[in-house]
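Residue numbers begin at 1 in each chain, while the letters A, B, ... track the order of the sequences. All values below were derived from every heavy atom in this structure, side-chain atoms included, with hydrogens, water molecules and symmetry-related copies excluded.
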Protein chains: 2
Amino acid sequence: MATTSRTTPSPIVDPLTLEVVELIGTVVARYHEEYEQAAAQHALTGAQARVLGLISMDPVPMRKIARKLKCEPSNITGIVDRLETRGLVERRPDPADRRVKLAAATDEGRRTARELRGSLDFAREPLGRLSESERTLLRDLLKRMLGEDVEL
Amino acid sequence: MATTSRTTPSPIVDPLTLEVVELIGTVVARYHEEYEQAAAQHALTGAQARVLGLISMDPVPMRKIARKLKCEPSNITGIVDRLETRGLVERRPDPADRRVKLAAATDEGRRTARELRGSLDFAREPLGRLSESERTLLRDLLKRMLGEDVEL
DNA sequence: TATTGTTATACTCTATAACTATA
DNA sequence: TATAGTTATAGAGTATAACAATA
């Protein structure tokens with residue numbers, strides 16, 4: 001212990017809400033940890049894994065990837081460069097607009113993306129502790145929390 | 001296309017679980033977005049805000065900060081350097097062990113940390129959509145999910 | 001003129017390894 | 001010898017600004 005600095009619990013938020021926020025913080029930390037770990041198993045960074053996952057179904061214009069990842073388009077250039085060097089992604093022209101380049105997963109890229117999804121333990125480990133009805137409840141609560149109108 | 005049968009070791013996950021995982025992904029994204037935004041309002045990076053929040057109550061040894069943030073100790077040096085330059089953090093000797101340096105928030109650092117907590121809308125905005133009983137339910141579900149034994 | 005992707009630049013975060021000063 | 005913190009280094013992500021090709 002050190003200085004006796006009393007910290008004021010800022011805005012008036014009830015203890016229950018604070019507890020839920022803290023729990024969500026724990027979930028967020030756990031989620032990220034597992035995601036980075038799964039990516040690392042394939043020698044990918046988190047950003048690379050996210051981009052690969054994003055384009056693994058259909059080719060996506062560079063600009064659109066940036067919007068989805070909420071970052072500047074110039075960053076995507078580098079990330080796709082590294083994925084392309086590894087043979088997981090390739091750039092294709094867009095027949096409709098010659099300014100656009102589509103980032104598309106190669107066969108190996110799709111395989112890696114699939115394995116990546118599979119190795120995400122988050123579905124099994126923590127969620128496995130809940131029964132089906134509990135998972136349904138959790139789903140509806142999260143949906144309501146995120147703005148979707150769900151009857152509970 | 002891999003013709004071998006070992007294509008996907010991914011476990012058969014039911015649609016409900018997948019939906020919950022996806023929802024959690026959305027929560028994680030929203031949480032991060034808000035956190036970075038709150039940090040940016042104080043011209044801090046996410047890592048800086050996390051460190052500042054961590055030491056805002058009591059001084060913490062550099063090594064311990066690294067453990068909490070799950071990163072290498074050498075990284076903390078730089079982050080604390082930048083916080084120190086801004087006058088938000090100071091390094092203090094540990095009377096008990098002269099090898100140890102304690103990172104401690106200054107008065108301004110504590111004020112910033114408090115404002116940071118206050119500007120985290122995550123408590124108000126999404127959680128505000130839930131009633132108190134729903135929040136209680138969510139809390140218990142998250143607790144169970146995270147391993148704490150709770151009777152539901 | 002506006003948009004797409006890229007390049008160049010600078011900063012931060014990250015891990016690794018080597019160093020110092022203590023223990 | 002072992003530990004705490006630092007330095008040096010390199011790679012990656014990020015934002016900004018300027019650029020070429022295309023619309």
Apply salt bridge (Lys or Arg N to Asp or Glu O under 4.0 Å) to [X] and list each qualifying residue two or more places apart in sequence or on a separate chain.
{"X": "B:K101", "answer": "none"}
{"X": "A:R110", "answer": "A:D107"}
{"X": "B:R30", "answer": "B:E125"}
{"X": "B:R144", "answer": "A:E134"}

Item to check | Partners meeting ring-ring contact (aromatic ring centres under 6.0 Å, His included) with A:Y31 (sequence neighbours left out) | outcome: A:F122
Item to check | Those residues that, when tested against B:H32, pass ring-ring contact (aromatic ring centres under 6.0 Å, His included) (two or more places apart) | outcome: A:H32
Item to check | Listed nucleotide nearest any side-chain atom of B:R91, set C:dT4, D:dT6, C:dT12 | outcome: D:dT6
Nearest-Å distance for atom pair [atom1]/[atom2], residues [X] and [N]:
{"X": "B:R67", "N": "D:dA4", "atom1": "CZ", "atom2": "C1'", "value": "10 Å"}
{"X": "A:D94", "N": "C:dT3", "atom1": "CG", "atom2": "P", "value": "17 Å"}
{"X": "B:I76", "N": "C:dC13", "atom1": "CD1", "atom2": "C1'", "value": "10 Å"}
{"X": "B:D81", "N": "C:dT12", "atom1": "CG", "atom2": "C1'", "value": "13 Å"}
{"X": "A:R63", "N": "D:dT22", "atom1": "CZ", "atom2": "P", "value": "16 Å"}
{"X": "B:E36", "N": "D:dA15", "atom1": "CD", "atom2": "C1'", "value": "13 Å"}
{"X": "B:L102", "N": "D:dA4", "atom1": "CG", "atom2": "P", "value": "13 Å"}
{"X": "B:R82", "N": "D:dT7", "atom1": "CZ", "atom2": "C1'", "value": "13 Å"}

Checklist outcome for this item: Cluster membership besides A:V100, Ile/Leu/Val/Met/Phe/Trp/Tyr side chains within less than 4.5 angstrom, sorted by chain and number, is A:L102
Contacts table for residues 62-81 of chain A: side-chain donor-acceptor under 3.5 angstrom, sequence neighbours left out:
unit_1: A:N75; atom_1: ND2; unit_2: A:E72; atom_2: O; d: 3.4
unit_1: A:D81; atom_1: OD1; unit_2: A:R91; atom_2: NH2; d: 2.1

Checklist entry - Which letter, B, S or -, goes with each nucleotide of nucleotides 15-23 of chain C from 5' to 3', with contact meaning a protein heavy atom under 4.0 Å? => result BBB----BS
Item to check | Heavy-atom donor-acceptor pair, B:R129 side chain to A:M145 backbone, under 3.5 Å | outcome: yes
Item to check | Counterpart residues, side chain to side chain donor-acceptor pair (under 3.5 Å), relative to B:R50 (two or more places apart) | outcome: none
Checklist entry - Which residues within residues 47-56 of chain A lie with some heavy atom under 4.0 Å of an atom in DNA chain D? => result A:A47, A:Q48
Checklist entry - What is the nucleic acid contact for B:I79, judged by heavy atoms within less than 4.0 Å: base, sugar-phosphate only, or nothing? => result sugar-phosphate
Checklist outcome for this item: Assert: residue with more 5' nearest nucleotide on DNA chain D, out of A:L69 and B:V60, is B:V60
Checklist entry - Can you tell me which stems DNA chain D forms when a stem means 3 or more consecutive Watson-Crick or G-U pairs under 3.5 Å? => result C:1-23 with D:1-23
Checklist entry - Take atom CD in B:E22; do more than 12 heavy atoms of anything else shown fall under 6.0 Å from it? => result no
